Asker: 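Quick one: the structure is below, questions incoming.
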2 protein chains.
Amino acid sequence: MTGVLFIVGLGPGPDSWLVPEARGALAQSDALIGYKPYTDRVPERHDLERFSSDNRVELDRARHALQLAQAGRKVAVVSGGDAGVFGMAAAIFEAVEKGDPAWRDLDIRVVPGVSAAIAAAARLGAPLGHDFCVMSLSDNLKPWEVVVKRLVAAAQADFVIALYNPASKARPRQIFEAFDLLRTHKNGATPVAFARAIGRPDERILITDLAQADPSVVDMATLVLIGSSETRFVSRSGGRPWLLTPRTYGAAR
Amino acid sequence: MTGVLFIVGLGPGPDSWLVPEARGALAQSDALIGYKPYTDRVPERHDLERFSSDNRVELDRARHALQLAQAGRKVAVVSGGDAGVFGMAAAIFEAVEKGDPAWRDLDIRVVPGVSAAIAAAARLGAPLGHDFCVMSLSDNLKPWEVVVKRLVAAAQADFVIALYNPASKARPRQIFEAFDLLRTHKNGATPVAFARAIGRPDERILITDLAQADPSVVDMATLVLIGSSETRFVSRSGGRPWLLTPRTYGAAR
């Protein structure tokens, strides 16, 4: 009865971005738990029991995983990207905090992964080459006023801004509100990238600027990057420009 | 003469955190360029020429890499962690921007990696489970006033704060100034983690709070995490507490 709970980030999509420790954790596990699009990415195996669930039942999923580990199972809970960044790690430890005190002494191991902002940045050049912030635009679990306060502070700090969960069918308008707000605080020439499904067959990247950006292309699979005052385009004749946030601040001014 | 330039993040240390695409890029390369502690992590190979350099000559290193790729070589430039986050990606595109116009059309590919904040968070639990920012504390390339402005804005935004390059032999006092500043803007009970050399044999993690934190333990290999108002400890009887920044903001208040 030596159960273990691995919290695994599968990366944005391709196996080439899955760290070996994650592969090893999946190979050792006899139970796989997660949102179905993520569990579907783990190959079938006769000795791996699969528990796939819908979105937005993270705490139920976390409790189930903890119960199985408590019963001696080797459990892998999977997220896309990195499990620590808007993934299952927080849900697991919230369940630990509120649940059976014995869960606190389970063998729980978080395996790091490639988060969407990191993967999108790699495709784009070096947009995260200087200070940045990472925010979820969803108000499902926080008040919209907190989102607004953070966007304004991020603009004042002149951080590059990476937005996760920018829109969904139930929240189609917030990304428009966010852009309206940012346009009042930042220069219209600020580079913007919409990076959708990075690393997957339907990957689509759109480069624009804050004044011209049309958020209607944004969906749940899109990572939105908004530059700092230093972020710029490095043009290429043969393709879309690179994005660069230089290491040096203010030198060119 | 089909040169290529791979910009590769080696992750924080262990091979188990090196994504397969990075391994593949290194295997294809015939030239390896980087700061010596990073190139030392790539195994010797008779057909891999090594160019190791000191710290803080990133632009020279970038130009050298671009020249070799232009000459038809397959070049890997390596960083620790993720190359896009305070790594070589920004230096390469800065060199492209200022250099030979032909460099703009080279085949340049950034390979994503596991950044130090992601790895530290995995060890700590789920400290990055909600909105956060990533900052370099170094004023080598930006004015200290910008650092201060960003720290204050990050505190006002109530972001979890991940500090890279928190101290060096030449900059031993800035982390003390940063903590003094944060103590005037944040609650003393805010969880703090000093995560040193994560994933390496000399890994050392210290958990404390903002009031008690003693930055004298901090060095260049340390990633400093300072919680938001929501970040808390989840105690364990058998070890140091987990850190949790829950997905829900303000629910427990």
Side-chain angles (χ1 to χ4, degrees), chain A residues 15-21 24 58 82 84-86 89-94 96-97 104-105 110-115 118-119 121-123 125-126 128-136 141-143 146 149-150 153-154 156-159 234-238 242 244-250, chain B residues 15-21 24 58 82 84-86 89-94 96-97 104-105 110-115 118-119 121-123 125-126 128-136 141-143 146 149-150 153-154 156-159 234-238 242 244-250:
Chain A
D15 283 351
S16 60
W17 291 346
L18 181 70
V19 301
E21 184 176 315
E58 290 85 0
D82 173 62
V85 177
F86 309 121
I92 295 283
F93 292 104
E94 285 171 51
V96 168
E97 186 183 45
R104 292 174 183 245
D105 294 305
V110 186
V111 181
V114 172
S115 193
I118 300 282
R123 281 286 197 267
L128 302 183
H130 209 297
D131 306 335
F132 64 95
C133 68
V134 170
M135 291 180 54
S136 169
L141 298 171
K142 66 182 162 189
V146 174
K149 180 182 81 168
R150 286 180 170 169
Q156 285 165 347
D158 198 18
F159 285 131
V234 179
S235 63
R236 287 188 280 181
S237 59
W242 296 111
L244 166 64
T245 307
R247 301 159 310 137
T248 304
Y249 191 91
Chain B
D15 284 351
S16 60
W17 291 346
L18 182 69
V19 301
E21 184 177 315
E58 290 85 0
D82 174 61
V85 177
F86 308 121
I92 294 283
F93 292 105
E94 285 171 52
V96 168
E97 186 183 44
R104 292 175 182 244
D105 295 306
V110 186
V111 181
V114 172
S115 193
I118 299 282
R123 281 286 197 266
L128 302 183
H130 208 297
D131 306 336
F132 63 95
C133 68
V134 169
M135 289 181 55
S136 170
L141 298 171
K142 67 182 161 188
V146 173
K149 181 181 80 170
R150 286 180 169 171
Q156 287 167 345
D158 198 18
F159 284 131
V234 180
S235 63
R236 288 188 279 181
S237 59
W242 297 111
L244 166 64
T245 307
R247 301 158 308 138
T248 303
Y249 191 90

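The sequence lines fix the lettering, A, B, ..., with proteins before strands; numbering per chain opens at 1. The shown structure was predicted, so the numbers you read here are calculated from the model rather than taken from an experiment.
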Asker: Non-hydrogen atoms of chain B under 4.5 Å away: do they reach the side chain of A:Val146, the backbone, both or neither?
Answerer: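 Looking at A:Val146, just its side chain touches chain B.
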Asker: Between the side chain of A:Gln156 and the main-chain N/O of B:Ala153, is any donor-acceptor distance below 3.5 Å?
Answerer: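 Here the side-chain-to-backbone pair does not exist.
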Asker: Search all heavy atoms of A:Trp17 against all heavy atoms of B:Val19 and return the closest pair with its distance.
Answerer: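 Closest approach of A:Trp17 to B:Val19: O-CG1, 3.9 Å.
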Asker: What is the minimum heavy-atom distance between A:Arg247 and B:Ala90, and which atoms define it?
Answerer: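 Between these two residues, the closest heavy atoms are CG-CB, 3.7 Å.
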Asker: Tell me which of these, B:Gly125, B:Gly24, B:Pro143, has more heavy-atom pairs under 4.5 Å with chain A than the rest.
Answerer: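 The answer is B:Gly125.
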Asker: Are any non-hydrogen side-chain atoms of A:Val134 and B:Val134 less than 4.5 angstrom apart?
Answerer: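 No. Closest side-chain heavy atoms not under 4.5 Å.
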Asker: Look at A:Ile92, A:Leu18, A:Asp158 and state which one has the largest set of heavy-atom pairs under 4.5 Å with chain B.
Answerer: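 Most pairs with chain B among the choices: A:Asp158.
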Asker: Determine the interplanar angle of the A:Phe86 and B:His130 rings, folded into 0 to 90°, and report it as parallel if under 30°, tilted if 30 to 60°, perpendicular if over 60°.
Answerer: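 A:Phe86 vs B:His130 ring planes: perpendicular.
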Asker: Residues two or more places apart in sequence or in another chain: which of them pass salt bridge (charged side-chain N to carboxylate O under 4.0 Å, His left out) with A:Arg104?
Answerer: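 Applying salt bridge (charged side-chain N to carboxylate O under 4.0 Å, His left out) to A:Arg104 gives none.
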Asker: Select, from B:Ser136, B:Ser235, B:Ala121, B:Gly113, the one with the greatest count of heavy-atom pairs under 4.5 Å involving chain A.
Answerer: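 Heavy-atom pair counts peak at B:Ser235.
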Asker: On a heavy-atom basis, which atom in A:Phe93 and which in B:Val234 lie closest, and how many Å separate them?
Answerer: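 Answer, listing the atom of A:Phe93 first, then B:Val234: O-CG2, 4.3 Å.
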Asker: Could you check which of B:Gly238, B:Ala119, B:Pro246 has the highest count of heavy-atom pairs closer than 4.5 Å to chain A?
Answerer: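 When all of B:Gly238, B:Ala119, B:Pro246 are compared, B:Pro246 has the most.
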Asker: Flag the one option from B:Ser115, B:Gly84, B:Ala154 with the top tally of heavy-atom pairs under 4.5 Å to chain A.
Answerer: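 Ranked by contacts with chain A, first place is B:Gly84.
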Asker: Check A:Met135 against B:Asp131 and note the closest heavy-atom contact, atom names and distance.
Answerer: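 Scanning both residues completely, I find the closest heavy atoms to be CA-OD1, 3.4 Å.
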Asker: Relative to chain A, which of B:Gly129, B:Ser237, B:Pro20 shows the most heavy atom pairs under 4.5 Å?
Answerer: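 Counting heavy-atom pairs under 4.5 Å, the top option is B:Pro20.
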Asker: Looking at B:Ala126, B:Ala89, B:Ala91, B:Pro112, which one has more heavy-atom pairs under 4.5 Å with chain A than the rest?
Answerer: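 Heavy-atom pair counts peak at B:Pro112.
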Asker: Can you name the nearest heavy-atom pair linking B:Glu97 to A:Leu244, along with the distance?
Answerer: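 Closest pair (atom of B:Glu97, atom of A:Leu244, distance): OE1-CD2, 3.7 Å.
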Asker: Would the distance check show the side chain of A:Arg236 and the main-chain N or O of B:Asp105 forming a donor-acceptor pair, the cut-off being under 3.5 Å?
Answerer: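 No, because the side chain of A:Arg236 does not come within donor-acceptor range (under 3.5 Å) of the backbone of B:Asp105.
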Asker: How would you list, by chain and number, every residue that makes a side-chain contact (heavy atoms from CB on, under 4.5 Å) with B:Ser16, sequence neighbours excluded?
Answerer: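 Once residues adjacent in sequence are excluded, the partners of B:Ser16 under the side-chain contact (heavy atoms from CB on, under 4.5 Å) criterion are A:Glu21, B:Pro14.
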